[in-house]
2 protein chains.
Amino acid sequence: MATISDVARSAGVSLSTVSYVLSGKRSISEPTRTRVLDAVALLGYRPNAGARALASASNRTGVIGLVVPLHEDADVNVVMQFVRAVTTTARRHEADVLLLTQEDSAGLERVTATALVDGLVVLDIAVDDPRIPLLAGLGRPVVLIGLPRETQGLSCVDFDFALAARTAVDHLARLGHTSIGLVSSSTSSVHQAGYADRLQAGFLEQAAAAGVRVATQSCDPTAAAARTCLAGLRAQRPDLTALVVHHEAALPHLVSALGEQGVRIPRDLSLVSVGAAGAAAGLPQPVDVVEVPVGEMGRVAVEMLSARISGAGTAEVRLLSSPLVTQGGSAPAS
Amino acid sequence: MATISDVARSAGVSLSTVSYVLSGKRSISEPTRTRVLDAVALLGYRPNAGARALASASNRTGVIGLVVPLHEDADVNVVMQFVRAVTTTARRHEADVLLLTQEDSAGLERVTATALVDGLVVLDIAVDDPRIPLLAGLGRPVVLIGLPRETQGLSCVDFDFALAARTAVDHLARLGHTSIGLVSSSTSSVHQAGYADRLQAGFLEQAAAAGVRVATQSCDPTAAAARTCLAGLRAQRPDLTALVVHHEAALPHLVSALGEQGVRIPRDLSLVSVGAAGAAAGLPQPVDVVEVPVGEMGRVAVEMLSARISGAGTAEVRLLSSPLVTQGGSAPAS
DNA sequence: GCACTGAATCGAAGCGCTTCGACGACGAAT
DNA sequence: ATTCGTCGTCGAAGCGCTTCGATTCAGTGC
C-alpha cells in the first residue's frame, strides 16, 4: 500500500502539501495540485482510515454501528429493510456500517470505547429497554429506532402508530362502519416495543370518538391461528364489517382464511392493514394500507445520527406518519 | 476517553509497561501487573482501536467485511442466517463485522485499500462473478460463499448440492421409486450462482445410475405457480411417485397445493426438500429434508478467513454436506 | 570477587496521517 | 522604497499505540 509520503516523494512536494490537496483545507496552486493528483492516481494511493481518524482533530472514523435484533421473532423482512436503508444512507454520508447484534451486549461498549464507531443506530427499542442507561453513558451520539418510555436527552425515530390507527378507524367510520375489529401481533417483543399498544390506544380512542364498536384479538402468523382469530373477533362482535390488521406476517393467512370462508373484500368486509412496505402485495384479495415507512425510518435515523456526529442538531424525537392508501380494500358499510 | 498514558501515569509506570501488561508479550512482575490493571479498571481504559491497528506490526483492525446481497430476489431468511453466523463467529475470533452491500461495488476497494477491514466474506458468488478479478487484486484475504467457475487461488465455501441431490435420489430409489420429479427455483440469481445447476446435474446423474425416470420443473414462490408446476411435472411424467424440491420459498405452496389436491405425503407421494434450515418446519404435511447448513457455511467462512488473516492456511475450496433426515416424508413406492 | 545471565522496566522510534505555525515570494498599498 | 497582506508551501508536532533495543538489578557459577 502506498502511503502519503510515497505520494509526496513522487510528486516532489511535502507531506503536508499532499494532505492539503486531498482535504482542500488550504489553497494550493493549480500546477502542484495536478502533480499531486497525478501521483495519487499513479500510485493508487488511498489514505489509511485508521491513521486519518487518529490524526484528525474531529477524530472520526467514518463508521457507524447498527444494532439489529437477530432473535427468532424479529421480522427478517423488516430488519432487512432497515439494514438496507441504513447502509445506503450511511454511504451518502461517507460512512460505513458496522453490524452489531442485540445479543452482543458488550459490543455497544466495545465499539464506542475503542473508537471503532462514531455513533450508533439501535433498532427494536423496548419501552423499558435495559440498554438505555448504557447507551446514555456511552458518550457517543445514539439514535434509537423505537420509542422508550423516557426520551429525555435521547434521539428517537419511530412511526406514529397511534395516528395510523386513528387514520384507519376514521376512514372506516366515514364509510359508515360502526363495528370494527383490530388484529394485533401476539409476540412478546412486539409488546415490549410498545408500538402495538400505541396503535391499540389510537384505535380505541378514535373508535370512541366516532362511536364505533370494537373487538380486538391477537394472532400468530399461521393459517390455523388466523381462523381462530377471526372466530374470536366474530364471537366478540358478530356485526363486524371492517378490520384493521396490524400484523404483516399474519395478514396473508387472514386474507386466505377470509377467502376460504367466502368473505369477499370489500363487499362483505373492509380491511385496512398497518404494516411494512410490501406486506400487502400479492394477496389474493385487495386491502387498504397504512404503510409503515421502514426505509424512511432508517434513513431519518442515519441522517439524525450524522448530524449529531458532526456536532449539529440536538436530541429530538421524530414520529413519522404516512397516509392511508385505498386500493379496493374498503367499501361503504351496507 | 482515558489513554494509555493516563494509565501509565496513574500506575506510576511507563507507557510500554502498560502495553506489555495488556498484551502479555513480555514478562511483568506481579505487583506491577496488578497496579496497572487496577489503574485500567479505575480509569475504564479501552485501547483505541485505530491507534492499535496503526502501531501494531500485524496491522490488523479486527474488522472483517461482509458483502451481502440486498436485492429483491435474495432470500432474506437465508441472508439473515448467514449474517448471524458470520457475526457470532467473528466475535469468537475477536473481530467485528462491517456490512457492505453488493450494490456498493466500490466498497470492496474502499474498505480494503483504506485498511478498514482485514479481509472479506462475500456472499452470493455467481459462476462467472464479475467481482472475482477485483477481489483477487485486493491484496487482502477473501472467502467466497459460492462456487465460481475458476477457483484457482481462491478460498471458497459452499454446500455440495450435487451430492445432496444424489443422496435424495438414492434414498428414493432405494424405496422403489422409479419416477421422480425435481422442482427448482426460477429466479435468475439462483441460476447465476450455479448451485441449482449443480444440484440438477447430481439429480440427473444419480437418476440415470439408478434407472429412474425424471421430470424437472422450475417454480415461483406463489400458490398459483405451485399448482402450475405440479401440473407441468405430471404432464411430463404421469407416473411420478416422488419429488425432490430445491426451493425453500416455494415448498409451503407446493405442499399446500398437494394437500388441496388430496395428495397425501408420504402415501401418495414422497417428498424430499433440499433447503435452508427451518424451511420445512411448520408445514401441514411431513417432508424429508437434506438441510443446507447455512449457519455452518457462514461459520466455516469466517474460520477460513480468520486463518488466512493470521497468515495460516492457504486458499482452498470446502464443500460441506449434510445427511438426509427422514421425518415421514417418504415411503416405499407402492 | 567477577563476568554472565535473565527478569523487569524504560525510553524512543515510528505506524500514516492532520494540522499549526513559519517562511519566502510577490503584488498592493502607502 | 518600504510595509503589509496573501498565497503557496514546508517542517515539525502529535494523535494513541506497539515494539525494539537498552538499562538496571538481582542472582548464578566459577
Side-chain angles (χ1 to χ4, degrees), chain A residues 1-37 39-40 43-63 94 110-118, chain B residues 1-37 39-40 43-63 94 110-118:
Chain A
M1 288 295 124
T3 72
I4 195 171
S5 56
D6 296 331
V7 175
R9 198 173 324 117
S10 160
V13 299
S14 76
L15 271 184
S16 43
T17 301
V18 176
S19 179
Y20 286 125
V21 167
L22 263 26
S23 69
K25 292 194 177 168
R26 282 199 185 174
S27 53
I28 298 287
S29 71
E30 195 45 41
T32 309
R33 224 181 82 83
T34 312
R35 280 218 315 290
V36 169
L37 258 19
V40 165
L43 299 172
Y45 166 73
R46 306 293 316 258
N48 179 297
R52 185 188 276 245
L54 230 205
S56 72
S58 68
N59 229 46
R60 294 218 233 120
T61 64
V63 177
E94 315 271 63
R110 173 166 37 84
V111 300
T112 51
T114 65
L116 253 188
V117 304
D118 297 330
Chain B
M1 289 293 126
T3 73
I4 195 172
S5 58
D6 296 331
V7 175
R9 198 174 322 120
S10 160
V13 298
S14 77
L15 272 184
S16 45
T17 301
V18 176
S19 179
Y20 285 125
V21 167
L22 263 26
S23 71
K25 292 193 178 171
R26 283 197 184 175
S27 53
I28 296 289
S29 71
E30 195 46 41
T32 310
R33 227 182 79 80
T34 312
R35 279 218 315 290
V36 169
L37 259 20
V40 165
L43 300 173
Y45 167 73
R46 305 296 314 259
N48 179 298
R52 184 185 274 241
L54 231 204
S56 73
S58 68
N59 228 46
R60 294 220 233 120
T61 63
V63 177
E94 317 269 61
R110 173 166 37 85
V111 299
T112 51
T114 64
L116 251 187
V117 305
D118 296 331

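Letters A, B, ... mirror the listed sequences (proteins, then strands); counts begin at 1. FYI, side chains are in, hydrogens and waters are out, and symmetry mates aren't considered; it's all heavy atoms of this structure.
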Legend entry - Non-hydrogen atoms of A:L54 and A:N59 that approach each other most closely: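 Nearest pair, atom of A:L54 first, then A:N59: O-OD1, 3.8 Å.
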Can you tell me how far [atom2] of [N] sits from [atom1] of [X], to the nearest Å?
X     : N      : atom1 : atom2 : value
B:M1  : D:dC15 : CE    : P     : 17 Å
B:I28 : C:dA7  : CD1   : P     : 13 Å
A:R9  : C:dG16 : CZ    : P     : 11 Å
B:E30 : C:dT9  : CD    : C1'   : 16 Å

Inset, instruction - Summarise protein proximity over nucleotides 17-27 of chain C in one line of letters, 5' to 3': B for base, S for sugar-phosphate only, - for none, counting protein heavy atoms closer than 4.0 Å. - result: BBBBBB-----
Legend entry - Enclosure of A:R46 CZ (heavy-atom neighbours >12, cutoff 6.0 Å):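 Result for CZ/A:R46: enclosed.
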Inset, instruction - Count the heavy atoms of every other residue, nucleotide or ligand shown that sit under 6.0 Å from CZ of B:R33, and state whether that count exceeds 12. - result: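 12 or below, so no.
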Inset, instruction - Would you indicate, yes or no, if C:dT9 has its OP1 or OP2 atom less than 4.0 angstrom from a side-chain nitrogen or oxygen of B:S14? - result: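 No, outside the criterion.
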Inset, instruction - Kindly say if A:S29 contacts the phosphate of D:dC7, meaning a side-chain N or O under 4.0 Å from OP1 or OP2. - result: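 For A:S29, the contact criterion (side-chain N or O under 4.0 Å from OP1 or OP2 of D:dC7) is not met.
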Legend entry - Residues in side chain to side chain donor-acceptor pair (under 3.5 Å) contact with B:T32, at least two apart in sequence or another chain: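 Partners of B:T32 by the side chain to side chain donor-acceptor pair (under 3.5 Å) criterion, ordered by chain and then number, come out as B:S29.
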Inset, instruction - Could you pull out all residues at least two apart from A:S5 that satisfy side chain to side chain donor-acceptor pair (under 3.5 Å)? - result: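 By the side chain to side chain donor-acceptor pair (under 3.5 Å) rule, A:S5 matches A:T3.
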Inset, instruction - Spell out, as yes or no, whether a donor-acceptor pair under 3.5 Å connects the side chain of A:S10 to the backbone of A:D6. - result: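 Pair absent, no side-chain N/O of A:S10 close to backbone of A:D6.
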